Q: 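Okay, handing you the structure first.
Since the structure is predicted, the reported quantities are computational estimates derived from the model, not experimental observations.
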Amino acid sequence: MLQNEIKECFIELGHFLDQFTHDEYVKNETVKNNALFHDDFIQLIGLSQSHNGWFTKDNVCFSIASWANALTKKNLDHWISSYDFSSVTTKNIGLILAGNIPLVGFHDLLSVLITGHNVIVKTSSSDQYLIQFLAKYLTSLDNRFQEKIIFVEGKLENFDAVIATGSNNTARYFEFYFKDKPNIIRKNRNSVAILTGDETQEELVNLGEDIFRYFGLGCRNVSKIFVPKDYNFDAFFNAMFNYQEIIKYDKYANNYDYNKAVYLMSNYKLLDNGFLTLKEDENYASPISSVFYEYYENKNEVIQKLQNDVDRIQCIVSKNHIKNSIKFGQTQKPNLWDYADNIDTIEFLISL
């Protein structure tokens, strides 16, 4: 398949997904093959929470909306325009996908296909149905995708390179097992925010989106905030109050109760608003329903710390206090060119 043909199929997929970006679905009769897929996708969205308890309709539709916004001709052209694909020789690329948030592995699938390679996909058991459904839709647009996209349940075989995403523990296994193949191995990362005390209420409310979206399960979710000495948390907690409904979700509430109990039994000093705990901690990875915080006296010290820990950080949210930081509320709305772990996936794939 020519790259332009592949791109056009993904643009059409974007049109298809755009029907499911709101609570009230809006059917678009001009979408190709809609009669075959529209109703089944609605049913799949409805079943997603039974497949993975964290995949609520709201979060699944948020992810779908993100992809509908990304898969436009303008975005795809901008993304691939800076690369030279002329020397690419088609290879088989193995993907081992994560499943912490809906469609988290779709960018890797798109990257492999847009570079002209074939893909062998091992999905996470936590997120196997949505991505397979989208692959079926692509195949309905052009049956040549049937040979370019293969899903496997067991061992990955017959691949020339691999992209694998997992925890720090599984990464050790991946690094050993795939040591003889070109690879990208992704590990645990976390996102942070730098606050100064001069944030507006709107910015702090938007920060809540960075914290609570997907229940905080994504590597792009803010799990730690840096605050100046004597920071007054009142404005922060007032802003977080907009997300109080999250405690009505049983899985989140169970984590909140458990983690709070562990902290209290360990005699940790906590700040608590009834659905979110703040704990002073130098680590980055906070548990569900908790955010770590760390005081600073000099903002440059924070910047230096984050530069030293660059391999542990996914996103930094701030009011332009550090280069390439992200605006409040935008961490879960990455562009196609915002690569996981800051590793250029396209560059890796075209260099094989």
Side-chain angles (χ1 to χ4, degrees), residues 6-7 9-21 31 33 36-71 76 92-115 117-154 156 159 162-166 170 184 186 214 217-220 332-334 336 338-340 345 349:
I6 296 170
K7 183 184 71 175
C9 288
F10 276 101
I11 293 171
E12 190 60 38
L13 174 60
H15 295 325
F16 173 78
L17 294 177
D18 194 49
Q19 302 172 106
F20 311 96
T21 58
V31 171
N33 299 340
L36 296 174
F37 288 89
H38 180 275
D39 292 349
D40 286 348
F41 199 48
I42 290 177
Q43 184 178 20
L44 179 57
I45 294 171
L47 289 172
S48 289
Q49 194 168 340
S50 66
H51 299 147
N52 181 331
W54 295 107
F55 284 16
T56 61
K57 177 185 175 183
D58 177 60
N59 280 329
V60 171
C61 287
F62 182 90
S63 176
I64 290 170
S66 297
W67 278 110
N69 292 332
L71 295 176
L76 287 163
N92 296 325
I93 312 300
L95 297 183
I96 298 179
L97 305 183
N100 49 321
I101 65 176
L103 293 171
V104 67
F106 190 73
H107 189 276
D108 286 336
L109 178 76
L110 167 60
S111 297
V112 172
L113 293 173
I114 206 71
T115 52
H117 296 300
N118 304 323
V119 62
I120 305 169
V121 187
K122 184 175 177 60
T123 62
S124 166
S125 59
S126 299
D127 184 23
Q128 56 183 312
Y129 299 104
L130 290 168
I131 198 166
Q132 291 191 44
F133 188 96
L134 300 192
K136 288 180 181 178
Y137 180 78
L138 288 170
T139 302
S140 78
L141 299 175
D142 192 317
N143 61 16
R144 287 175 292 179
F145 278 117
Q146 191 166 354
E147 297 180 354
K148 294 189 71 65
I149 307 173
I150 298 173
F151 288 91
V152 297
E153 294 184 2
L156 274 182
F159 57 91
V162 66
I163 301 173
T165 304
T170 56
I184 293 176
R186 302 200 185 102
Y214 302 126
L217 289 167
C219 63
R220 299 181 68 90
Q332 294 296 351
K333 299 177 181 179
L336 293 172
D338 293 328
Y339 294 106
T345 314
L349 290 166

Q: For the pair Ile101 and Gln332, evaluate side-chain contact (heavy atoms from CB on, under 4.5 Å) and give the outcome as yes or no after the intermediate values.
A: CA-CA 10 Å; Ile101 65 176; Gln332 294 296 351; 4.1 Å; yes
Q: Do any N or O atoms from the side chain of His117 and from the backbone of Leu349 form a donor-acceptor pair under 3.5 angstrom?
A: yes
Q: Which class fits the ring pair Phe133 and Phe16: parallel under 30°, tilted 30 to 60°, perpendicular over 60°?
A: parallel
Q: Give the table of side-chain donor-acceptor pairs shorter than 3.5 Å for residues 39-49, with sequence neighbours excluded, one pair per line with atom names and distance.
A:
from, atom 1, to, atom 2, distance (Å)
Ser48, OG, Leu44, O, 2.9
Gln49, NE2, Tyr249, OH, 3.2

Q: Roughly how far, to the nearest 0.5 Å, is CD1 of Ile149 from OG1 of Thr139?
A: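 Between atom OG1 of Thr139 and atom CD1 of Ile149 there are 5.0 Å.
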Q: Can you name the closest pair of heavy atoms from Pro102 and Asn59 and give their distance?
A: CG-O, 4.2 Å
Q: How close do Phe159 and Gly94 get, heavy atom to heavy atom, and via which atoms?
A: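 Scanning both residues completely, I find the closest heavy atoms to be CB-N, 3.9 Å.
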Q: Under a 3.5 Å distance rule, please check whether Asn52 uses its side chain to pair with a backbone N or O of Ser126 as donor and acceptor.
A: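 Pair found, side chain donor or acceptor close to backbone of Ser126.
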Q: Flag the pair Phe145 / Ile6 as yes when at least one side-chain heavy-atom distance between them is below 4.5 Å, and no otherwise.
A: yes
Q: Apply side-chain contact (heavy atoms from CB on, under 4.5 Å) to Asn92 and Ile150, showing your working.
A: CA-CA 10 Å; Asn92 296 325; Ile150 298 173; over 6 Å; no
Q: How long is the gap from CD on Gln19 to CG on Leu17, to the nearest 0.5 Å?
A: 8.5 Å
Q: Taking all non-hydrogen atoms of both residues, which atom of Cys61 and which atom of Phe20 are closest, and how far apart?
A: SG-O, 3.6 Å
Q: Is there a side-chain contact between Phe37 and Lys136, using heavy atoms and a 4.5 Å cut-off?
A: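 The answer is yes; the side chains approach within 4.5 Å.
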Q: Locate the shortest heavy-atom distance separating Lys122 from Gly154; write the atom from each residue and the value.
A: NZ-O, 3.2 Å
Q: Could you tell me if the side chain of Ile184 sits less than 4.5 Å from the side chain of Tyr339, heavy atoms only?
A: no
Q: Could you check if a side-chain atom of Tyr214 sits within less than 4.5 angstrom of a side-chain atom of Val104, using non-hydrogen atoms only?
A: no
Q: Are the side chains of Leu97 and Val121 in contact, using a 4.5 Å heavy-atom criterion?
A: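 Side chain of Val121 against side chain of Leu97, heavy atoms only: contact under 4.5 Å found.
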Q: On a heavy-atom basis, which atom in Ser63 and which in Leu103 lie closest, and how many Å separate them?
A: OG-CB, 3.7 Å
Q: Where do Leu138 and Cys9 come nearest, in terms of heavy atoms and distance?
A: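 So the minimum-distance heavy-atom pair works out to CD2-O, 3.8 Å.
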Q: Give me the ring orientation class for His107 and Trp67: parallel if the planes are under 30° apart, tilted from 30 to 60°, perpendicular past 60°.
A: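 Geometry flag for Trp67 against His107: tilted rings.
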Q: First locate atom CG of Asp108, then atom CD1 of Ile93, and finally report the distance between them rounded to the nearest 0.5 Å.
A: 11.0 Å
Q: To the closest 0.5 Å, what do you measure between CG (Asp338) and NZ (Lys333)?
A: 13.5 Å
Q: Within this structure, what is the NZ-CG distance for the pair Lys148 and Leu109, rounded to the nearest 0.5 Å?
A: 11.0 Å
Q: Just by modelled atom types, is the Gly14 backbone N or O under 3.5 Å from a matching donor or acceptor in the Asp18 side chain?
A: no
Q: For the atom pair CD (Gln146) and OG (Ser140), what is the distance rounded to the nearest 0.5 Å?
A: 11.5 Å
